[in-house]
S.K.: 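Structure provided below as structure tokens; questions to follow.
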Amino acid sequence: MTEVTKPLLEVKNLTKHFPLYGPFGKLGGIKQNVQAVQDVSLRLYEGETYGLVGESGSGKSTTGRTILGLTEATSGEVLYEGKDLTKWSKKEMRKLRKDLQMVFQDPYSSLNPRKKVGQILEEPLKIHGWANKQQRQERALEILELVGLQAEHYFRYPHEFSGGQRQRLGIARAIIMNPKVVICDEPVSALDVSIQSQVLNILKTLQKDMKLTMLFITHDISVVRYISNRIGLMYLGRIVEEAPTDDLFEEPLHPYTKALFSAVPDGTKKERIVLKGEIPSPLQPPSGCVFHTRCPFAIERCQKEVPAFREIRKDHRVACHLVEEEELDWFN
Ligand SMILES: Nc1ncnc2c1ncn2[C@@H]1O[C@H](COP(=O)(O)OP(=O)(O)O)[C@@H](O)[C@H]1O
Ligand SMILES: [Mg+2]
């Protein structure tokens, strides 16, 4: 499906480095850079959920925030409706905000604690020109119902809700303007497992009914599997493998993906791949393939050359010299 349709949003070679200054602050110049996101390219097709998965610190949140212009890109492009969002001013981005929304892990920080739910939900409507109070209220009540809350919640404050309900509010707030793209950053990671599935199901239903295009960020492999049509796997600021969900789980190609999957109990008898060491610092990522210091199968080439992110089979891309050299058998 992905070959023929045009992507709704396309990220090209997105890079984000955070400068770290020395003891003299900005005057002393940049000491080092945190290489949070490095050369990330991905496409979001209309109506799909793209899951971005990776361990903590791999650059998922920074990718999401940079796409939406919440932090400035160091380089690269984010194309939406033919425009490069990285070149837009804050003011222009504010207007686009109704198309491009974000759901955060902790909705409490994005919901004004002094305002009642009705006011919180109607605020974006007001900003975008819904002058009629009654229409605003009707829309707010409609959205409350869509996320599984009740009309009586309209007059409550955010602190009067449970964690799961509050995340429903965060979602309500994100979708009230009928956005095209929603970036969800670990939206269920702070919730109890039983509540997680409820919130995931709401997102899934909304996505289908409203034809939302979602970028779903999580560190949780079972969550990403449940919600995504396609998955991109991040390691140290880079996407190392990308494939449709079923393909990825049937045949992961990158040694890192294999290692991660082998650690998830799913009833099958597979060999556990244990990685050596910790994730290296993004201040000084390893040369060549960033994964080579932990890869049980690394060859000399891996230390020297950054592997290209290549399409190995239809819609299945991977950045690995071993896969490229068809030395897959080594670890199959
Ligand atoms: N504002 C910032 N300033 C400096 N470093 C940052 C900033 N935000 C994130 N980082 C660093 O960038 C890397 C990627 O972080 P993040 O995108 O939050 O990863 P993830 O969401 O996958 O856990 C981490 O090493 C983190 O410490
Ligand atoms: Mg994060």
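All ligand and atom numbering here is 1-based and tracks the order in the structure. Nothing here was measured: the structure is a model prediction, and the numbers come from that model. Residues: numbered from 1 along the sequence shown.
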S.K.: side-chain contact (heavy atoms from CB on, under 4.5 Å) for Val37 and Val40? Distances and angles first, verdict last.
M.R.: CA-CA 7 Å; Val37 175; Val40 161; 3.7 Å; yes
S.K.: I want to know whether Phe249 and Phe261 have ring centres closer than 6.0 Å.
M.R.: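 Between Phe249 and Phe261, the centre distance is under 6.0 Å.
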S.K.: About how many Å separate CD of Glu10 and CD of Glu81, when rounded to the nearest 0.5 Å?
M.R.: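 So the CD of Glu81 and the CD of Glu10 are separated by 14.0 Å.
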S.K.: Mark yes or no for whether Thr62, through its side chain, and Ala36, through its backbone, hold a donor-acceptor pair below 3.5 Å.
M.R.: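 Not a single qualifying donor-acceptor pair exists.
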S.K.: Mind jotting down which protein residues get a heavy-atom contact under 4.0 Å with ligand 1? Chain and number order, please.
M.R.: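 Under the 4.0 Å cut-off, ligand 1 touches Phe18, Val34, Ala36, Glu55, Ser56, Gly57, Ser58, Gly59, Lys60, Ser61, Thr62, Pro282.
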S.K.: Is there a path from Ile227 to Leu8 through hydrophobic residues (I, L, V, M, F, W, Y) whose side chains come within less than 4.5 Å of each other?
M.R.: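 As far as the 4.5 Å side-chain criterion goes, Leu8 and Ile227 are not connected within one cluster.
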S.K.: Everything protein-side that's N, O or S and under 2.8 Å from the Mg ion (ligand 2): list it, residue and atom.
M.R.: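 Counting only protein N, O or S atoms under 2.8 Å from the Mg ion (ligand 2), the list reads Ser61 OG.
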S.K.: Quick one: does His128's side chain have a donor or acceptor within less than 3.5 Å of a partner on Leu125's backbone?
M.R.: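 Side chain of His128 to backbone of Leu125, a donor-acceptor pair under 3.5 Å: no, none is there.
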S.K.: Taking atom types as modelled, find out whether Arg173 and Gln101 have a side-chain donor-acceptor pair closer than 3.5 angstrom.
M.R.: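 Not at all, the side chains of Arg173 and Gln101 share no donor-acceptor pair under 3.5 Å.
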S.K.: For Lys211, I'd like to know if atom NZ has over 12 heavy atoms of other residues, nucleotides or ligands within 6.0 Å.
M.R.: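 Atom NZ in Lys211 is not packed in, count stays at 12 or less.
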S.K.: Ignoring hydrogens and geometry beyond distance, is a side-chain donor-acceptor pair present between Asp220 and Tyr226 at under 3.5 Å?
M.R.: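 Short answer, no.
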